[in-house]
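Values below: every heavy atom of this structure, side chains too, minus hydrogens, waters and symmetry copies. In each ligand, atom 1 is the first atom listed, and ligand 1 is the first ligand listed.
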Amino acid sequence: MGTWTVRDFHSQDVEGILALWQSLRDAGVEPVYDLSEVLASCEKDHAVVAVQGDHVVGAAVGRAAHDQGWIVFLATLPGFRGRGIGTLLLAAVENRMAAHGLNKLSALMPESETRVEAFSNRGFVVKKNLRYFERRIPVQRAELGALEDLGGRILPRDLWDRVAGMAAEKELLERRLVMPLAEPGLAEEFGVVPPRAVVLFGPPGTGKTTFAKAIASRLEWPFVEVFPSRLAGEPGGLAGALRQTFLEIAELEHAVVFIDEVEEIASQRSGEPPSPMQGVTNELLKIIPAFRDQPGRLLVCATNFIRSLDSAFLRHGRFDYVIPIGLPDEEARTAMWHRFIPAHVVAGIDVAALVDASGGFSPADIEFAARSASQRALEKAMFDDGASPSSADGVAVRGPVTADYLETIAETRATVSDAVAADFLEDIGALART
Ligand SMILES: Nc1ncnc2c1ncn2[C@@H]1O[C@H](COP(=O)(O)OP(=O)(O)O)[C@@H](O)[C@H]1O
Ligand SMILES: [Mg+2]
């Protein structure tokens with residue numbers, strides 16, 4: 001084989017870099033830096049190539065960051081190894097980076113890296129006892145602008161774990177939604193088509209919004225809430241604004257799209273002349289099939305009044321599941337009380353009594369009663385003398401006591417009346433699809 005020379009990278013060498021990258025992958029090596037990072041550094045930082053004629057046979061790419069430089073890529077085609085090309089490439093790229101006044105040059109290479117000799121020839125030493133950590137950030141920088149325009153955001157990562165109790169609902173959502181969406185490859189192997197749209201229904205305060213956000217958090221997908229009431233003022237009218245919003249959502253790589261109180265824009269179409277909302281309902285009926293064609297996203301609609309929805313809306317083909325979110329059972333109420341009672345007093349509280357007394361409460365009611373009890377106990381301790389310390393393991397602790405909770409429970413009216421609870425059971429029988 002003929003002679004080769006080392007020179008600066010030119011933009012026409014991109015093909016050669018790709019071929020080098022591929023040769024690493026073919027050899028089973030997983031480079032530390034993404035190809036896009038390496039190519040960006042070729043253009044903007046420092047890169048040299050070894051060429052034979054027009055043929056790129058090796059390359060080294062470096063990036064200066066303050067006082068420290070990083071070799072982000074070093075590769076030689078298989079047939080050209082063992083001739084000192086790597087050593088010369090490293091020397092050349094170091095030379096180009098020297099102008100930055102670096103005091104350290106580092107390289108992070110896969111364990112299978114074979115060009116150890118090139119590095120040691122250039123005076124690099126292998127550092128022992130290091131660990132490399134990496135985490136993929138779910139949203140690409142390019143998407144952040146679009147996400148911001150939509151009012152979307154990345155939610156904290158722990159929302160799923162913070163949903164107390166509701167074990168049955170959680171398991172259902174985990175199995176039907178989260179798992180196939182998080183593991184699309186696996187789902188495909190089993191012939192499972194990941195869900196694209198679901199309805200959550202149930203009385204107010206049962207956790208529909210909480211679950212929608214928890215799903216987004218669990219998937220690490222951005223959460224985009226569509227507010228029909230805010231879109232109504234847009235120039236194209238609500239229907240036009242809704243269409244525009246979903247076009248923008250289509251630009252995102254991933255998203256959980258949430259429409260709360262969807263009955264407001266998709267209620268039963270009736271009456272002559274047709275209500276002005278009918279055009280909006282029709283628009284939504286058209287939007288959902290188009291939305292379903294795009295992978296990597298999930299539409300979650302929530303409603304307190306599922307029986308008032310347009311019948312076409314719930315027809316098969318639009319929503320994969322229609323899932324009831326009901327009042328918490330004893331186990332769920334226990335978990336919620338444990339969530340809301342301060343940890344240092346919980347041992348001294350008769351939680352079972354609170355669970356009993358709060359039958360028929362929604363999570364929102366429990367949260368309200370718990371907060372009120374805390375507030376009341378604090379006021380008692382600060383302004384009245386009758387503050388009674390509760391005791392956990394015989395040690396006096398300050399905080400609310402069982403009586404505080406029982407009082408506020410007695411004063412809290414359950415949001416969900418018996419009649420509403422009965423309607424909900426009827427709705428489950430007639431409309432739920434899980
Ligand atoms: N499983 C739960 N664990 C803890 N808090 C909950 C749970 N479900 C709901 N909440 C709380 O109850 C309140 C109402 O919940 P939300 O999701 O808004 O209900 P919905 O959307 O069904 O009306 C919120 O403050 C939420 O934090
Ligand atoms: Mg809600």
Side-chain angles (χ1 to χ4, degrees), residues 151 153 155-174 177-178 198-218 223-230 256-266 298-309 321-343 346 351 354-355 358-375 405 408-409 412-417 420-421 423-425 427-428 431-432 434:
R153 64 215 157 94
L155 298 173
R157 300 187 64 211
D158 62 346
L159 294 187
W160 183 264
D161 294 329
R162 291 176 52 79
V163 176
M166 311 300 275
E169 286 85 351
K170 244 177 145 170
E171 184 178 326
L172 185 72
L173 296 174
E174 167 85 36
L177 307 184
V178 173
V198 297
V199 175
L200 303 181
F201 73 97
T206 49
K208 298 177 291 298
T209 304
T210 303
F211 268 121
K213 288 182 174 164
I215 292 165
S217 152
R218 186 70 214 283
F223 182 78
V224 178
E225 178 159 4
V226 176
F227 293 97
S229 56
R230 288 189 205 164
V256 170
V257 181
F258 182 55
I259 306 181
D260 207 357
E261 300 182 356
V262 74
E263 71 279 358
E264 286 184 6
I265 54 168
L298 177 72
L299 174 66
V300 181
C301 293
T303 178
N304 299 339
F305 299 106
I306 191 156
R307 56 178 69 187
S308 72
L309 288 180
Y321 301 108
V322 179
I323 299 175
I325 305 288
L327 291 176
D329 60 13
E330 265 181 40
E331 212 181 312
R333 293 202 301 280
T334 308
M336 279 167 207
W337 280 113
H338 277 275
R339 167 68 41 83
F340 295 127
I341 297 171
V346 75
V351 177
L354 310 191
V355 169
S358 57
F361 275 26
S362 69
D365 296 334
I366 295 176
E367 188 175 5
F368 175 77
R371 296 232 161 108
S372 309
S374 286
Q375 177 67 31
Y405 288 108
T408 53
I409 290 172
T412 304
R413 232 188 54 219
T415 311
V416 182
S417 66
V420 169
D423 284 355
F424 175 58
L425 290 181
D427 289 341
I428 294 178
L431 298 165
T434 59

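Residues of the protein with a heavy atom under 4.0 Å from ligand 1 are Val163, Ala164, Met166, Pro204, Gly205, Thr206, Gly207, Lys208, Thr209, Thr210, Met336, Phe340, Pro363, Ala364, Glu367, listed by chain and number.
With a 4.5 Å cut-off on side-chain heavy atoms, Leu309 and Leu431 do not count as touching. Looking only at side-chain heavy atoms (C-beta outward), Leu298 and Val257 stay at 4.5 Å or farther from each other. A 4.5 Å side-chain heavy-atom check between Asn304 and Lys208 finds at least one atom pair inside the cut-off. Counting heavy atoms from C-beta on, the side chains of Val322 and Val198 never come closer than 4.5 Å. By the 4.5 Å heavy-atom criterion applied to side chains, Val355 and Trp337 are counted as neighbours.
Around the Mg ion (ligand 2), the protein contributes the following N, O or S atoms at distances under 2.8 Å: Thr209 OG1.
Checked by atom type, the side-chain pair Asp158/Ser217 shows no donor-acceptor distance below 3.5 Å. Side chains of Asp365 and Thr415: a donor on one and an acceptor on the other come within 3.5 Å. For the residue pair Ser308 / Glu263, no side-chain donor-acceptor distance below 3.5 Å is found, with atom types taken as modelled.
Aromatic pair Phe368/Phe361: centroids not less than 6.0 angstrom apart.
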